[in-house]
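Here the structure comes first, spelled out in C-alpha cells, and everything after it is commentary.
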Amino acid sequence: MNPILVRPADMVRITTPALADKYIESQISALREQIGDKKVLLALSGGVDSSVVAALLIKAVGRQLVCVHVNHGLLRKGEPEQVIKVFRDEMNADLIYVDATDRFLDKLAGVTDPEQKRKIIGGEFIEVFAEEARKLDGIEFLAQGTIWPDILESEAGIKAHHNAGGLPEDMKFELVEPVRILFKDEVRMVGKALGLPDNMVFRQPFPGPGLGVRCPGAITRDRLEAVRESDAILREEFAKNGLEGKVWQYFTVVPDFKSTGVKDGKRTFDWPCIIRAINTTDVMEVTVEHLSPELMDHLVKRIITEVPGINRVLYDFTPKPPATVEYE
Ligand code: XMP
C-alpha cells in the first residue's frame, strides 16, 4: 500500500480521541507495510510535529526508528532534557543526542545580520544531522513532520516546503510522512492520544533558529543565557497563571544595549529584558495580550532578581503590523 500523499476531500476532521485512535491504528499498519524491517531516521526537534511523528513510528516499528536530537544551543531551558526523558527513557526510543552548542555558537560569533544568522543555523543543522546519518548503517527511510498546511503553502507559492530536502545530494532516502495529511489541531489530537505530555503537544510555536532570533545582533553566551533564563521564568509564570495554551506566543528578548541602573547602592550597567506576548489566528496580523498589573510586577521582580545581567524589564505593546512577532 502506498502512503496517502493527498488529504482526501471527504476526510473527517480529527476532533475526538476516538478519531485520533482510528488514525493512529491506520497509520501503524501503513507504516509497518511501508517500512518492513528497514530502518528510519528522524530529526527530532521536540516540536509538536516531529514529536508526534516519533511517537507514531515508535508505536509502529519501535527501535527501527533512529531519532537524532541536535541541540544547537538555542533551545529553551529544559527542552533537550525533556526530549531525552520522554523519548529515550519513557518510550525506549533509539535516540542519538548531539550537543552541538559550541559548534553553532562559535560559527555565530560576531555575526550580526539576521539573515546570515538564520543561514548559519540552518546550514549547520543539516551538516550535523548529515554527519550523524553517515555514521549509521542500513537506513533507508527519512521521516519528516510535514503537515498539510506545509503542502498547501508550498503549492500556493507562499513558502518553500522546508522539510523536504536540504540534505547532501548523495544522501537519498525514501520519505516517511505520517502526519502529512493532517492539520495542526489534528496533529495535536493524535499526539495527545499517543500519550505525549501536554506541554509538548500544546506548546506555542517556536522558530527553527530558536533563541537566536531573540538575542538580536551578535549572539554572546552571557546574553543568550539571559534570554533563556528570562524565557523560562515567563513560561513558568504563564503556566501558573492559567495563560499557557491561551496566549498564542510569549517570550523574552534581550537586545544588545545597556542602560544605567542601581543595585545595592552601586551603579549597574546592564541589558533590558523585553517581554512579548501576542495573540493571532494566522500570524499575519497579531494583537498584544495585556497582562494584569500584579503579574507584570511579579515578572519584573523575578527577572531583575533572578537573571544575571538584566536591570530593566520592558513590555512590547506593538501589534503586527507594523512590528513582526520576532525581533529578527
Ligand atoms: P514573524 O516574526 O515573521 O513571525 O511575525 C511569525 C511566526 O513565525 C515564527 N517564525 C519562524 N519560525 N523559522 C521558524 O520556524 C523562522 O525563521 C521563523 N521566524 C519567525 C514566529 O515565531 C511566529 O510564530
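Each residue takes its place number in the sequence, starting with 1. Just so you know, ligand 1 is whichever comes first in the structure, and atom 1 is the first atom listed for that ligand.
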Thr112 to Ala218 - nearest heavy-atom pair and separation
CG2-N, 3.8 Å

Arg188 and Val48 have their tightest heavy-atom pair at NH1-CG2, 3.5 Å

Does NZ or CZ of Arg276 fall inside the cone over Tyr250's six-membered ring, less than 6.0 Å from its centre and within 45° of the axis?
no

Please confirm whether [X] comes within less than 3.5 Å of ligand 1 when only nitrogen or oxygen atoms on both sides are compared.
X	result
Arg118	yes
Val283	no
Trp248	no
Val325	yes

Can Asn71 and Glu79 be counted as having a side-chain donor-acceptor contact under 3.5 angstrom?
no

With atoms numbered from 1 as shown, which atoms in ligand 1 lie under 4.0 angstrom from a non-hydrogen atom of Lys320?
1 (P), 3 (O), 5 (O)

Using heavy-atom distances, let me know which of Gly212, Gly208, Pro321, Gly210 sits nearest atom 14 (C) of ligand 1.
Gly208

Go through the structure and list residues passing salt bridge (Lys or Arg N to Asp or Glu O under 4.0 Å) with Glu124, not counting sequence neighbours.
Arg103, Lys107

